[in-house]
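Please read the structure below before turning to the comments.
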2 protein chains.
Amino acid sequence: MDSTPPIPTKQRILAAAEELFAQHGFDGASLRQVTASAGVNLAAVNYHFGSKSQLIEEIFRHRLDDINGRRLLALHKIAGKPETVLEDVIAAYVRPAVELSGEGEGSVFMRVMARAYAEHDDTLRRFLSENYGHVMRQFVAEFGRLLPELGKEDLYWRIDLMTGALTHAMSGFGMIQRKSDIPERQHREKIVEQLLRFTASGLRHP
Amino acid sequence: MDSTPPIPTKQRILAAAEELFAQHGFDGASLRQVTASAGVNLAAVNYHFGSKSQLIEEIFRHRLDDINGRRLLALHKIAGKPETVLEDVIAAYVRPAVELSGEGEGSVFMRVMARAYAEHDDTLRRFLSENYGHVMRQFVAEFGRLLPELGKEDLYWRIDLMTGALTHAMSGFGMIQRKSDIPERQHREKIVEQLLRFTASGLRHP
DNA sequence: GTCTATAGGGCGATAGAC
DNA sequence: GTCTATCGCCCTATAGAC
């Protein structure tokens, strides 16, 4: 039985890279730091991933698959049902991102994401559109069902502004920061609550 | 008369740096590119600014002084008046940022700003708080006057979420992008209009 | 198939000549 | 005030060991 393969070099690189990238940024963390932290040789990154940017893309794919999978799961539980309210759909969109930000491994990914948004890279835009566009389309459809009086353009704008508020809240940069005497879990609930109230009113604007 | 000094090396560096940083990011643009574009020697940056990061800080100070100066001017015209409505205060906060993003020189600064937000650097946070905290406090006071039923914590949260929506809209990353047949100026008006409606409702949430 | 050692070229910073 | 030369660190690519 060829059980227990020695140690997965590739995954040790991934784990070390995600932590260091979130901490110091894509350019701030060097492959030398990453490979040293993972306890592997510098060139192992090129062997397993091809280049630094392909390593970054792999991290994105991993986390975004997770977030968007959870979003779709939550959406499918409520989509089309007569008792569903706007807040339910917002929660299905917002909660997976907030929750991931509170789980050990993924705790720092949303900061990576916020950083990447600001990079304004067309490659990333295409990547997101190609891989997760279908998720967005399903949310747009459900938002449209619950806000029938809203034109398509207004709807897109408001979902976009909601995403901005979410990303900003996740990036942890704003004035509001978790006070040291408040547990992490409670702070995340507060984020979801505040986002729900603010964006629900924003989306409903007549 | 010692008029017309040769050529201001320092300012040529500043102009070239702002353009290249906005285009390729702080790490993406090298001092070698900046100095080549400005037509000055590489070492001139270190002589005039001390380091790359101090050059970046100088650019921030310049643009933020501009934006916050305009914000205060707009706020002082309406603060405390009985006929002032919430939308006026939001506009005083939002419009200077949107307008600057449409002026030749500053056209790309808000992207630089969005990027910096995502960097999540405590140095930047302290810099903003020390230099522009008084502007924020005056806006908080006026928002508080018009939303008296809102607790202080809720008020801070919502202003923060508004800033997130603004920053995201400015970064130009979202789904909504200017269509090529719509003039830049008209697109900026649309941004202000959508932001006003969305955030006014969000702030007013009962 | 997996990994190591190493070389090439770009980067920011600085010392010291002018 | 400006420039050249140079140092140490970075990412990438690749030849070859295991």
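Chain letters run A, B, ... following the sequence lines, proteins first, then strands; residues in each count from 1. For clarity, every value in this text was computed on a predicted model and none was experimentally measured.
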*Would you say the base of C/dG12 and the side-chain of B/R32 have a donor-acceptor pair closer than 3.5 Å?*
yes
*Is any side-chain N or O of B/T9 closer than 4.0 Å to OP1 or OP2 of D/dT2?*
yes
*Parallel, tilted or perpendicular for A/F127 and A/Y132, by the 30°/60° rule?*
perpendicular
*Atom NZ of A/K52 to atom P of C/dG10: distance rounded to whole Å?*
18 Å
_Six-ring centre of A/F49, A/K10 cation under 6.0 angstrom, axis tolerance 45°_ = yes
*Calculate the interatomic distance between B/Q33 atom CD and C/dG9 atom P; express it in whole Å.*
18 Å
*Hey, does the Lys NZ or Arg CZ of B/R158 hover above the aromatic six-ring of A/F198, less than 6.0 Å from the centre and inside 45° of the axis?*
no
*Residue closer to the 5' end of DNA chain C, A/N41 versus B/V45 (nearest nucleotide)*: A/N41
*To the nearest angstrom, how far is B/L42 atom CG from D/dT6 atom C1'?*
12 Å
*asked:* In whole Å, I'd like the distance from the CD1 atom of B/I56 to the C1' atom of C/dC11.
replied: 14 Å
*Nearest-angstrom distance from the residue atom CG of B/L31 to P of D/dC10*: 17 Å
*Does the B/T199 side chain pair with the main chain of B/G202, one donor and one acceptor, at a distance under 3.5 Å?*
no
*Does A/N46 or B/A43 map to a spot on DNA chain D nearer the 5' end, using the closest nucleotide for each?*
B/A43
*Can you tell me how far C1' of C/dC11 sits from NE2 of B/H24, to the nearest Å?*
16 Å
_Pairwise 5' ranking along DNA chain D for A/A29 and A/Y47, keeping only the more 5' one_ = A/A29
_If you assign A/H48 and B/S30 each to the DNA chain C nucleotide with the nearest heavy atom, which residue ends up on the more 5' nucleotide?_
A/H48
*Passes salt bridge (charged side-chain N to carboxylate O under 4.0 Å, His left out), A/R204 versus A/E87? Steps please.*
CA-CA 11 Å; A/R204 281 202 182 97; A/E87 277 80 358; 2.9 Å; yes
*Which part of the nucleic acid, if any, lies within reach of B/G28 when heavy atoms closer than 4.0 Å are counted: base, sugar-phosphate only, or nothing?*
nothing
*Measure from CZ on A/F49 to C1' on C/dG1 and round the result to the nearest Å.*
16 Å
